[in-house]
There are 4 protein chains.
Amino acid sequence: MIRFTTAGESHGQALISVLEGMPAGVPLLAEDVNTELARRQQGYGRGRRMQIERDTAELLSGVRAGETLGSPISMLIRNRDWANWLEIMDPAPREGDAAGPRRRAVTRVRPGHADLTGILKYDRDDARDILERASARETTARVAAGAIAKRLLAELGVTIGSHLVHLGGVDAVRPTEMPSDLNAASDESQLRTLDADAERVMIERIDAAKKEGNTLGGICEVVVDGLPVGLGSHVSWDRKLDGRLGAAMMSIPAVKGVEIGMGFGAARVTGAQVHDEIEPAPGRARAGGVRRPTNNAGGLEGGMTTGEPLVIKVAMKPISTLMRPLGTVDMATGEAAKATAERSDVTAVPAMGVIAEAMAALVLADAMLEKFGGDSLTEVQRNLNAYLSHLAARLGS
Amino acid sequence: MIRFTTAGESHGQALISVLEGMPAGVPLLAEDVNTELARRQQGYGRGRRMQIERDTAELLSGVRAGETLGSPISMLIRNRDWANWLEIMDPAPREGDAAGPRRRAVTRVRPGHADLTGILKYDRDDARDILERASARETTARVAAGAIAKRLLAELGVTIGSHLVHLGGVDAVRPTEMPSDLNAASDESQLRTLDADAERVMIERIDAAKKEGNTLGGICEVVVDGLPVGLGSHVSWDRKLDGRLGAAMMSIPAVKGVEIGMGFGAARVTGAQVHDEIEPAPGRARAGGVRRPTNNAGGLEGGMTTGEPLVIKVAMKPISTLMRPLGTVDMATGEAAKATAERSDVTAVPAMGVIAEAMAALVLADAMLEKFGGDSLTEVQRNLNAYLSHLAARLGS
Amino acid sequence: MIRFTTAGESHGQALISVLEGMPAGVPLLAEDVNTELARRQQGYGRGRRMQIERDTAELLSGVRAGETLGSPISMLIRNRDWANWLEIMDPAPREGDAAGPRRRAVTRVRPGHADLTGILKYDRDDARDILERASARETTARVAAGAIAKRLLAELGVTIGSHLVHLGGVDAVRPTEMPSDLNAASDESQLRTLDADAERVMIERIDAAKKEGNTLGGICEVVVDGLPVGLGSHVSWDRKLDGRLGAAMMSIPAVKGVEIGMGFGAARVTGAQVHDEIEPAPGRARAGGVRRPTNNAGGLEGGMTTGEPLVIKVAMKPISTLMRPLGTVDMATGEAAKATAERSDVTAVPAMGVIAEAMAALVLADAMLEKFGGDSLTEVQRNLNAYLSHLAARLGS
Amino acid sequence: MIRFTTAGESHGQALISVLEGMPAGVPLLAEDVNTELARRQQGYGRGRRMQIERDTAELLSGVRAGETLGSPISMLIRNRDWANWLEIMDPAPREGDAAGPRRRAVTRVRPGHADLTGILKYDRDDARDILERASARETTARVAAGAIAKRLLAELGVTIGSHLVHLGGVDAVRPTEMPSDLNAASDESQLRTLDADAERVMIERIDAAKKEGNTLGGICEVVVDGLPVGLGSHVSWDRKLDGRLGAAMMSIPAVKGVEIGMGFGAARVTGAQVHDEIEPAPGRARAGGVRRPTNNAGGLEGGMTTGEPLVIKVAMKPISTLMRPLGTVDMATGEAAKATAERSDVTAVPAMGVIAEAMAALVLADAMLEKFGGDSLTEVQRNLNAYLSHLAARLGS
């Protein structure tokens, strides 16, 4: 069982990411993590902070001489402008803290954010006590943990990539054949899309939105190759891989929808158009010795992987912080007010794809260990390979 | 913390549903459960089995004199045609069991089902060992548990309903004003839709699909009223209510997509069109003393309830069992084959709405107890009311 | 991951036991369960109810043709005198239920029981609403689930037994060499002890206690043979097998203490007297190719199995229901009162050993699946054997 | 629900402690944590490292202006001699890492430690990869998290203390009346015992053991005052507070036994000598308006708190690292060898009491939040007080 925990406020001293339950012997360098952190920070339409924060993770535990130890892996990711925020975010009380309102207190709660729901739930006066944690900066720590899960999956023959398929009203066309290295291709693009024509239009939309102080959402597709048939389970509702992936994706800030395979499209056509026929293909052990010429199911049937590529679509709403302030309430007075206008990114959809990859990696690494057990990489590999050999023998290949 | 477990094969002796963690003192009759079981069985386009099985739950534990005790509530739901299946599904071995293949063994695995993934994962020869559990019949036990969660929620002022918004290519128009009792309205319809015009076209589609041995999918919308602001949390990825609801919905058999509020639609427009403005409304304590004239967020911001109606859309693919058999592999021989053609429903989307209500009820009852604690209904109510009074006082109402 | 849930009141209609997460293909007959249920009911000093209730489990799900399917295994264990209790324990309200006190209501709460703590926590007037679930009868459902875990462990070369080592002030002497089949030997004894001399004295104590309306406690020792080295883990507090076993044992009703190996005795001597030296023994693959001439650690070091026998001692207080009533409070009046005197067993320590075996089996089956993964018995065995071969190769055997 | 995670190797860069699920608004200063860390480091018989490491925790997240925010609280505790260990413990590979054995590799595995079980489980060659995490240094991070749980409990009227009751064969006499501030009294003693006479003999034993290169174990008692009746539950095995406390205690390194109240002693006497009678005491709301003149149950009945003091005894074996090396196997050669003799403490029992307090605090804070819910300190207090008022009204006080 893999467990991961993140901690840290957006303008606090640092983020912490702890990944517990990784097998020993997985090759791991800080660069493996930092490469993914850098991918999260790319993307046309990002604001100034992405420049300030060139995130790097320090491996504090769980790794020695470039290999995991089986013990919890903790990472420290410093917030670079901490010195400027110390007075505001200091864990220790400062003179006058009891007396007056907090420094840079936020009481005109911002629509679309956790500001209002959070201060009511947690009984706070200053929405900064909420928004610092609700900030998407937290996803940095997820990407760090996900990078390690990806390292494990890579050693087991599984690769995860993503690309942007919609931004701000513009659809990208999925290529008829996916590139063999999806991320190598999508990371080439400023928006992480495979459709260069669509990209041009999207960039125009971003520029226009920026001018009018508006923001844009979009959709990313995550594709996972190399999964063996039989991860997840049909036996109980909370073992179904669809549900576990759904939870992971819907937990990403600003995500409002998730689909597996055809998704909502499958609801609009007939069964004959949806179900993937099966044909023998003895050499394909990971798929159980069969092939499905179509993959409308997106790689999951009955809550389990089929061995075909896992395909997930994730929809993100536009960033909630607008330059054109929305109507709200000032919680200090109860009066109608305008939400604080803050400098903000126009869109974070390209980064969301990277985050979704990380979340998928964490779920799938967990599902792998669940099926194959194993406390060391060699043991996991041994058990996986024995399973694949057993599958290969089944259809007489 | 609420936990629920289901057990039982589709043609086994019975289904079992166990709900653990309910407070004591909640009024509960078998009829409360049976009413929901009957709702699950309605719907135009269902086949013969729905007539055979008039499901009823026997309360075996956790309830006395019409009130819950705080102990695990277990329910037995008998499969009425067990006598006919005893020989095939007997837990005990019968003469010849070791020697030959199982009775009514399924080896021509059906596309779109768990048949193939399941037998490979669990190393079975007969896909019946898988399909009996993967069958949607399991959802009966979910609806039973969900009915109890609904009873608790009702005592806390929360009501859950659903309606069908799409079927087989036909959209239903959402009424401009939702009926005050959603289920009273939708249960009037054979398809559980609020749009009588659309219903007529949908029924034509079902009849046509039936004639050609085809099946249809669709989309339901779940609406929850009366939730207080502040269920769920922004602090950790797995506490976000979006994720927990996403997992619950995606775990329903044949569901391929889920949306909160505008969902995928939010990815296609600008921030100015998406974010719900906030205005003071001191009388609305459950919403924290504010009102949002729009509810594009679908009742969740920052992973927490806003106090506005929670709105979830769930997409179901067409039923996988077609009368026109699909190409597959016979796992006994490894040869290409046609999947067994079986009598089947044309669509189960109306029932899926009822199942989605149940899953939502289980997640939300859990979220209520998480925030308000409480081991008896009076204690939960007392804590909820104290919170609402505190909220009411905040905006000086 | 194995999960198990029990449900049912002592005088309700039935008990339910659900075991979720078992691999497929494990041979399982109802007799395997019923044998263990019968073992729980034996023991000198038990009262009349043990005769009324010859417990048998009906396998409702998860098993077909004598093999597990991988799906949840649910069992129904009927309470035989249900007809006599129907009026008192009916889940449905009966005429007059609202008006007056419950039938056979208990308000003079019994010391040493959950009666008082339970009615205060759950806000009940009638302690029967609590005591029916707090009754040790619930352990029947645990033993049923444990019997299945034992079947799995047996297929993996692991056997679990127990014997009584203390009763009512009388110590049994542990034989210098343990019998090769521990339960075959201890089940021969009316008290499940290996020391026939001590047994005679214990029986005298039981007879004497019975005469004076008193009760007796005692200590059992559970011994598990055949565990491979490396179950559990040192890496996180809640993965340590000591803790997981401690939780399982301390959750048995009336248990007040647990020890691994030397236990409290280890606190009273020096390190030189406690720590087990290690010597090479290449043939012992399950112990990692070594031998420890002593086993003071009781088979656990660093939270992990060593491969030596796991030895756990469990202390049970005397049964709380005395014939000589204890002073208490009548919760209906607030006045001092005498607790109801009820017919009761004198001691349940022999049965407690069987329950402790079941709890150990559930924890260890879970730990096995955690390390070796596997969805079918053959897969678990394959992974275990590959691990043992790898260990054997390490010390060049 | 409270979750806590620790990370870090003994000679790594730092320890990390993350506490998730704390309500907002709890007053918290770094000093609150550091005071507990210092208490863990005291105790006669500790070696040199306790002087090197004056542990201090840096609050990295979850706290602002001296109050918790409801978000995960992470703490960094630096290992002060990291500079000296960098070469050995560097997460990054160094030149020659692949070629030869690790620096300061441990292959003569030490009996009584996780060394051997760990390298076999995790397939490592160098036992340092195991022992660095299995070291009792990890408990520093537990004490840090426990200190925060204690702060919460203190605000709810609950105090936790401990004292040493046995060391190396010497029993301390429990005073007839416990001091009102237990830790104020026990922390005065070098061994954290309340019996000054016993302490003198214990110190002699420690000095003697030191001379002969031996080590000593012992027993601590944890006492918790102010708990309200009704934490934990009887309804399901894993909700019983006995089991949850048992798991927490047995997870402390070197702990081999745990008892609640009379513990093993209750197994040796009759029911009449064990069960605590109950008498009316309307003013004692936390105990439900009753008093038990005795507290043999140790504050738990039916898996729930009674409102009387919770009393837990925890037995620790002698430290496993002896100066007189024990026989073992060199895993590099498979030959018999002597375990490395290392400088070590003679005993850590006084510190273990502080660790046991921390573990108890974490379990009990979780049980409080489970019963009373609440996202802010004021909400938890409000719900607790309403419950106490309700209890007070029950017995007409």
Side-chain angles (χ1 to χ4, degrees), chain A residues 3-9 12-16 18-20 23-25 27-31 58-67 69-76 88-94 97-98 102-103 118 121-124 126 128-130 132-134 138 375-379, chain D residues 3-9 12-16 18-20 23-25 27-31 58-67 69-76 88-94 97-98 102-103 118 121-124 126 128-130 132-134 138 375-379:
Chain A
R3 296 182 286 198
F4 87 98
T5 308
T6 72
E9 274 70 40
Q13 184 172 352
L15 300 171
I16 289 288
V18 183
L19 183 63
E20 206 265 0
L28 184 68
L29 303 176
E31 291 88 286
E58 296 167 49
L59 293 164
L60 293 182
S61 69
V63 184
R64 187 181 173 213
E67 276 188 6
L69 299 175
S71 55
I73 302 171
S74 58
M75 291 173 280
L76 181 80
I88 294 153
M89 291 297 295
D90 195 347
R94 301 192 153 225
D97 266 340
R102 296 270 179 80
R103 272 164 295 271
K121 175 184 181 71
Y122 288 100
D123 201 25
R124 311 306 294 165
D126 177 2
R128 180 164 302 286
D129 288 357
I130 304 302
E132 285 285 336
R133 178 64 186 162
E138 183 265 344
D375 294 305
S376 64
L377 177 58
T378 50
E379 189 176 17
Chain D
R3 296 181 285 199
F4 88 98
T5 308
T6 72
E9 275 71 40
Q13 184 172 352
L15 299 172
I16 289 289
V18 183
L19 184 63
E20 206 265 2
L28 183 68
L29 304 176
E31 291 89 286
E58 296 167 50
L59 293 164
L60 293 183
S61 69
V63 184
R64 185 181 175 213
E67 276 189 5
L69 298 175
S71 55
I73 303 171
S74 59
M75 291 174 281
L76 181 80
I88 294 154
M89 293 297 294
D90 195 349
R94 299 191 155 225
D97 266 340
R102 297 269 179 82
R103 275 162 295 270
K121 177 184 180 73
Y122 289 100
D123 201 26
R124 311 305 295 166
D126 177 1
R128 180 164 303 285
D129 288 357
I130 303 302
E132 285 285 335
R133 178 62 187 164
E138 181 265 346
D375 294 306
S376 64
L377 177 59
T378 51
E379 188 174 21

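Each chain gets a letter, A, B and so on, in the order its sequence line appears, and its residues count up from 1. What's counted below: heavy atoms across the whole structure, side chains too, no hydrogens, waters or symmetry copies. Model, not experiment: these values are computed from the prediction.
- Salt-bridge annotation for A:Asp129 and D:Arg64: present, with a side-chain N of the basic residue lying under 4.0 Å from a carboxylate O of the acidic one.
- The candidate with the highest count of non-hydrogen atom pairs below 4.5 Å against chain A, out of D:Gly62, D:Ala134, D:Gly12, D:Gly118, is D:Gly62.
- Looking at every heavy atom in both residues, D:Ser376 comes nearest to A:Tyr122 through CB-O, 3.5 Å.
- A salt bridge does not link D:Lys121 with A:Glu379: every distance from a Lys NZ or Arg NE/NH1/NH2 to an Asp or Glu carboxylate oxygen is 4.0 Å or more.
- In this structure, chain A has heavy atoms under 4.5 Å from both the backbone and the side chain of D:Leu59.
- Ranking D:Ala14, D:Pro91, D:Gly8 against chain A, the residue ahead of the rest is D:Pro91, based on heavy-atom pairs under 4.5 Å.
- Between D:Arg133 and A:Pro72 there is a side-chain heavy-atom pair separated by less than 4.5 Å.
- Between D:Leu69 and A:Glu9 the shortest side-chain heavy-atom distance falls below 4.5 Å.
- Contacts of D:Ile88 with chain A are made by both backbone and side-chain atoms, with heavy-atom separations under 4.5 Å.
- Heavy atoms closer than 4.5 Å to chain A are found in the side chain of D:Ile16, but not in its backbone.
- Atom OG of residue D:Ser71 and atom CD of residue A:Glu138 lie 10.5 Å apart, to the nearest 0.5 angstrom.
- Looking at D:Glu31, there are no atoms closer than 4.5 Å to chain A (heavy atoms on both sides), in backbone or side chain.
- Interface summary for chain D: among A:Glu20, A:Arg3, A:Glu67, A:Glu132, the most heavy-atom pairs under 4.5 angstrom belong to A:Glu67.
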Chi angles and distances behind the side-chain contact (heavy atoms from CB on, under 4.5 Å) call for A:Leu76, D:Leu60: CA-CA 10 Å; A:Leu76 181 80; D:Leu60 293 183; 3.7 Å; yes

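- Here A:Val63 is the residue among A:Ile73, A:Leu15, A:Leu377, A:Val63 with the most heavy-atom pairs under 4.5 Å with chain D.
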